[in-house]
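A quick write-up on the structure given underneath.
Throughout, residue positions are numbered sequentially from 1 according to the sequence presented. Owing to the predicted nature of the structure, the values given are computational and were not obtained by experimental measurement.
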Amino acid sequence: MDGLIKGFLDVALGEDDDRRNESGPHQYRDERSRSSWAEVVSGEQDKGGEESHADDHSHGRRGRNQWNAEEEESDHRQEEWEKTTQGRYETGEDGYEQSRWSRKEDDESNNDGWESVGKRPPRRTHKVQKDNWQGYKRPPGEQEFSDEVEIGGTIEPTEEELSDLSQACNKLWELDTNRLIPGKDYEIDCGEGKKVFQKEDMAGGSLFNWLNEDIFRRPTFSRFCSLLDNYNPNAGCKEVVTSEERQEQAAFIEEISRTAPIRYLHKYLSSKGIVSENYQDFKRTLTSLWFDLYGRGGTSGSSSAFEHVFVGEVKQRSEQEISGFHNWLQFYLEEAKGRVDYQGYIFPRRRGETPDFETQLLTIQFEWNGILKSVSSTLVGVSPEFEIALYTLCFFVGGEDNYVQLGPYSVNIKCYRFGDRIGSVFPVSEG
């Protein structure tokens with residue numbers, strides 16, 4: 001891999017994505033589809049465009065009205081859960097002010113030379129290795145991949161695991177040898193806790209103090225991160241997927257398919273007759289499940305499971321809100337660019353379980369480009385292959401609520417469906 005690593009690129013506050021400077025299909029896509037955040041926040045988005053060919057895929061064609069009904073039903077269930085969750089965390093009415101960041105900056109600049117005690121420290125600049133990402137746009141046959149892990153019989157699911165989803169999920173946790181170690185690979189500062197309805201920023205600074213730059217040498221992490229800027233965050237805007245982006249998707253699936261969690265997932269699902277025993281067919285199933293486009297926000301071809309769960313979207317309703325966005329790597333990168341403002345953790349249901357720098361299951365509140373995500377949960381430090389395997393397993397084998405054990409954490413994996421597709425999936429702490 002050393003031959004692929006050429007250097008570092010500073011991801012500083014307010015930095016534009018490198019892809020905006022590219023020519024060809026990406027330039028057209030950036031101008032047309034990836035609207036600026038000013039346009040997103042103001043509600044000016046492109047509602048037009050042709051019907052996406054992705055609606056006709058391996059799962060079969062469905063009528064648009066049927067998909068819209070299923071979307072509304074799934075969204076309604078998720079919103080009901082969020083209301084229940086807010087009540088569970090002692091919530092009340094919540095709200096936010098989109099001008100908050102700019103107002104704080106004005107307050108800090110007009111201080112007549114006095115320094116406020118406890119003033120939020122300046123954001124740290126993080127480095128992300130991205131030079132090798134260009135190579136991921138080539139056809140998979142022209143790329144180099146990691147050797148398949150040699151783990152013997154440990155990927156063969158036991159009878160107990162086949163009959164107990166919790167044991168199977170815990171096995172995935174054990175197989176995630178790519179998971180980061182708190183304090184060694186990264187450090188977080190949870191700040192102070194808050195109730196969901198509280199508007200005050202209870203964090204003393206960023207969530208991430210630092211992240212070991214070497215983790216971007218890890219193939220699955222690097223390939224995952226290269227996918228994150230392929231999407232327009234507006235839930236009502238049709239996505240345009242280029243051939244190079246499809247090659248990035250295929251290369252990511254190929255890379256994670258060489259890891260223990262994904263190989264275990266295949267053994268598990270194929271033994272139950274849910275997926276084909278042919279590994280190439282299985283990889284195509286994963287690609288379709290996570291990357292095929294479907295309608296959300298009333299526009300066909302505007303969303304996918306990967307975009308919603310890992311990247312995040314902005315709902316355009318009476319009040320703009322963030323949906324999805326449950327991945328820690330996306331959080332880290334967006335925070336490094338100054339787009340995420342961490343607001344603090346949400347008080348746990350049980351007293352005496354305050355999160356610290358070693359906690360790897362967090363319930364937090366943050367703003368994404370001035371838009372509030374009042375309550376969000378994420379697994380910190382886990383590998384991309386683990387999350388894909390975990391959520392895929394719960395989708396195919398579990399229900400809407402999946403109470404499982406992940407190492408030391410008792411978790412409910414919430415899984416919402418749009419028919420035979422993933423609408424949303426994320427972890428909820430049950431501790």
Side-chain angles (χ1 to χ4, degrees), residues 146-181 220 224 252-290 305-306 309-310 326-328 359-361 377-417 420-431:
S146 303
D147 295 332
E148 292 190 13
V149 292
E150 302 205 0
I151 46 182
T154 59
I155 62 169
E156 291 291 342
T158 65
E159 290 298 325
E160 291 79 9
E161 291 162 1
L162 287 170
S163 60
D164 186 344
L165 178 61
S166 179
Q167 290 193 42
C169 290
N170 198 47
K171 181 60 174 287
L172 288 174
W173 179 271
E174 295 172 1
L175 291 174
D176 189 18
T177 57
N178 224 5
R179 185 170 61 251
L180 305 189
I181 300 174
T220 60
F224 176 86
F252 170 70
I253 294 296
E254 178 61 35
E255 191 70 65
I256 65 172
S257 71
R258 297 162 182 262
T259 66
I262 299 298
R263 290 175 63 187
Y264 176 84
L265 172 69
H266 175 246
K267 293 281 187 181
Y268 194 100
L269 295 179
S270 62
S271 67
K272 288 180 171 287
I274 296 174
V275 300
S276 170
E277 293 184 359
N278 183 284
Y279 207 42
Q280 296 301 317
D281 290 341
F282 169 66
K283 286 187 278 188
R284 283 188 283 270
T285 297
L286 282 183
T287 303
S288 177
L289 178 66
W290 284 100
F306 186 93
V309 174
F310 298 124
H326 296 287
N327 179 258
W328 74 270
T359 304
Q360 293 192 277
L361 176 59
S377 53
T378 185
L379 290 160
V380 181
V382 298
S383 70
E385 59 266 31
F386 169 78
E387 287 199 276
I388 292 287
L390 174 67
Y391 297 151
T392 301
L393 181 62
C394 290
F395 173 78
F396 279 119
V397 179
E400 185 171 302
D401 292 286
N402 304 281
Y403 298 95
V404 302
Q405 193 71 26
L406 299 177
Y409 304 107
S410 297
V411 187
N412 179 13
I413 303 298
K414 298 288 292 188
C415 186
Y416 296 97
R417 292 166 170 79
D420 53 3
R421 312 180 191 186
I422 294 174
S424 185
V425 59
F426 52 91
V428 179
S429 174
E430 291 296 311

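Although no hydrogens or angles enter the test, the distance criterion places a donor-acceptor pair under 3.5 Å between the side chain of S166 and the main chain of Q405. A donor-acceptor pair is defined here as one N or O able to donate and one able to accept, closer than 3.5 Å; such a pair exists between the side chain of Y268 and the backbone of E161. Without hydrogens or angle criteria, N412 side chain to N402 main chain gives a donor-acceptor distance under 3.5 Å. Distance alone, capped at 3.5 Å, places no donor-acceptor pair between the S424 side chain and the Y416 backbone. Panel note: side chain E400, backbone C415; no donor-acceptor pair is recorded below 3.5 Å. Judged by distance alone, with hydrogens and angles left aside, the side-chain atoms of H326 form no donor-acceptor pair with the main-chain N or O of L379 at under 3.5 Å. Put simply, the side chain of T287 gets close to the backbone of K283: a donor and an acceptor are under 3.5 Å apart.
Here CD1 of I388 is found 12.5 Å from CG of L393. Values are rounded to the nearest 0.5 Å. Considering CZ of R258 and OH of Y279, their distance stands at 9.5 Å, rounded to 0.5 Å. The CG atom of D420 sits 9.0 Å away from atom CZ of F396, with the distance rounded to the nearest 0.5 Å. Of the inter-residue distances, the one linking D281 atom CG with H266 atom NE2 reads 8.5 Å to the nearest 0.5 angstrom. Between atom OG1 of residue T392 and atom CG of residue L172 there is a gap of 10.0 Å, rounded to the nearest 0.5 Å. Atom-to-atom distance recorded for C394:SG and L165:CG is 5.0 Å, nearest 0.5 angstrom.
Side-chain contact between V380 and T359 is absent, with no heavy atoms from C-beta onward closer than 4.5 Å. Taking the side chain as every heavy atom from C-beta outward, F252 and P384 approach each other to under 4.5 Å. Between D401 and K414, the closest side-chain pair of non-hydrogen atoms falls below 4.5 Å. At a threshold of 4.5 Å between non-hydrogen side-chain atoms, the residues V425 and I413 count as touching.
Remark: E174 engages N170, K171 in a side chain to side chain contact (heavy atoms under 4.5 Å, CB included) (not counting sequence neighbours). For the ring pair (Phe, Tyr, Trp, His ring centres under 6.0 Å) test, no residue two or more places apart in sequence or in another chain qualifies with F395. In this structure E159 satisfies the side chain to side chain contact (heavy atoms under 4.5 Å, CB included) test together with L162, sequence neighbours excluded.
Counting all heavy atoms, side chain and backbone alike, S377 lies closest to F426 at OG-CD1, 3.8 Å. A pairwise comparison of heavy atoms in P157 and K267 identifies CD-CB, 3.7 Å as the closest pair.
No option in V404, V411, V382, L390 other than V382 meets the side chain to side chain contact (heavy atoms under 4.5 Å, CB included) test with W173. Among the candidates L286, I256, L175, I155, the single residue satisfying the side chain to side chain contact (heavy atoms under 4.5 Å, CB included) test with L265 is L286.
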Check step by step if side chain to side chain donor-acceptor pair (under 3.5 Å) holds for N178 and T259. CA-CA 9 Å; N178 224 5; T259 66; over 6 Å; no
Assess the residue pair Y264 and F386 against the criterion (ring pair (Phe, Tyr, Trp, His ring centres under 6.0 Å)); give the C-alpha distance rounded to whole Å, side-chain angles, the decisive distance to 0.1 Å, and a yes or no. CA-CA 10 Å; Y264 176 84; F386 169 78; over 10 Å; no
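Side-chain rings of F306 and F224 approach one another, their centers coming within less than 6.0 Å.
Ring geometry, W290 versus Y391: the interplanar angle falls from 30° to 60°, so the pair is classed tilted.
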